[in-house]
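Written out below as structure tokens is the structure these notes cover.
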Amino acid sequence: MIFESYGVMEEHGETFIGSTNYLLRMLAHKSPSKEFVEPQLGFVCHTDKSFTTILHQNHVNGLMVETKDGDWIHVDFPSPNSFVVMAGDALMAWSNERIKSPNHKVVMNNNKNKNETRYSLGLFSFYKGILQVPDKLIDEEHPLKYKPFDHLALLNFGYSVNIKDYCGI
Ligand SMILES: O=C(O)CCC(=O)C(=O)O
Ligand SMILES: [Fe+2]
């Protein structure tokens with residue numbers, strides 16, 4: 001869908017799909033114990049190193065995402081069939097920053113969670129090979145911001161690495 005909307009499906013779509021790897025991770029976050037009145041951090045603030053991330057959770061909310069304006073919003077999964085699709089750092093670099101990878105975190109609230117554990121599933125996609133900004137996404141208004149980069153090698157640096165330090169121009 002992303003490739004089609006930028007008109008690069010024909011040139012780059014097939015190679016991309018053929019070289020995509022997936023990682024499925026299941027997380028459990030326990031409700032903070034009763035003595036914690038304030039919400040407790042369950043997963044530190046970070047951006048994902050993936051190309052895309054698809055998130056799903058049980059009925060216990062906890063995901064927060066930072067907006068472009070720097071406000072933090074709670075993400076509500078309205079039904080058991082709801083998923084959140086989030087851009088990772090690799091998509092931000094590939095799209096020459098047309099799409100931003102948002103800061104997000106998990107915050108567990110003792111009052112709301114009533115001692116329930118939050119279970120979530122994350123499906124992360126990664127490109128095996130060198131990713132580079134398609135020519136069509138470079139123009140005067142969007143000068144090239146990222147060098148070609150090895151996506152899987154980015155993972156060796158852990159969560160703390162900034163994609164701009166890794167391959168930014
Ligand atoms: O549990 C969640 O909803 C988010 C987990 C997360 O951000 C991650 O695994 O990268
Ligand atoms: Fe994440």
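Note that ligands are numbered from 1 as they come in the structure, with each ligand's atoms numbered from 1 the same way.
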Within the distance-only criterion (no hydrogens, no angle test), does the side chain of H104 pair as donor or acceptor with the backbone N or O of P102 below 3.5 angstrom? yes
Assess whether atom CG of D135 is packed by more than 12 heavy atoms of other residues, nucleotides or ligands within 6.0 Å. no
Which atom, among the N/O/S set of D48, is closest to the Fe ion (ligand 2)? OD1
By atom name, which N, O or S atom of H104 is the nearest to the Fe ion (ligand 2)? NE2
For D76 and H74, does a side-chain donor sit closer than 3.5 Å to a side-chain acceptor? no
E116 atom CD, neighbour heavy-atom count above 12 within 6.0 Å: yes
F124 heavy atoms, cut-off 4.0 Å: which ligand 1 atoms fall inside? 8 (C), 9 (O), 10 (O)
Note: ligand 1 atoms sitting under 4.0 Å from heavy atoms of H104 are 7 (O)
Salt-bridge criterion met for K100 and E66 (N-O under 4.0 Å): no
Measure the distance from atom 3 (O) of ligand 1 to every protein heavy atom, then report the residue, atom name and distance (to 0.1 Å) of the closest one. R118 NH2, 2.8 Å
Closest non-hydrogen protein atom to atom 1 (O) of ligand 1, residue and atom name please, with distance? S120 OG, 2.7 Å
Taking only non-hydrogen atoms of L27 and a 4.0 Å limit, the atoms of ligand 1 in range are 1 (O), 5 (C), 9 (O)
Under-4.0 Å heavy-atom contact with ligand 1, by part of R25 that carries it: side chain
In terms of the angle between their ring planes, are F3 and F16 parallel, tilted or perpendicular, with boundaries placed at 30° and 60°? tilted
Considering only non-hydrogen protein atoms, determine which one is nearest to atom 4 (C) of ligand 1 and report residue, atom name and distance to 0.1 Å. V106 CG2, 3.8 Å
Give a yes or no on whether M1 atom CE has more than 12 heavy-atom contacts from other residues, nucleotides or ligands under 6.0 Å away. no
Between T53 and ligand 1, which part of the residue brings a heavy atom under 4.0 Å of the ligand: side chain, backbone, both or neither? neither
Tightest non-hydrogen contact, residues N96 and L137, listed as ND2-O, 3.1 Å
Tell me which part of H46 gets within contact of ligand 1: side chain, backbone, both or neither, using heavy atoms under 4.0 Å. side chain
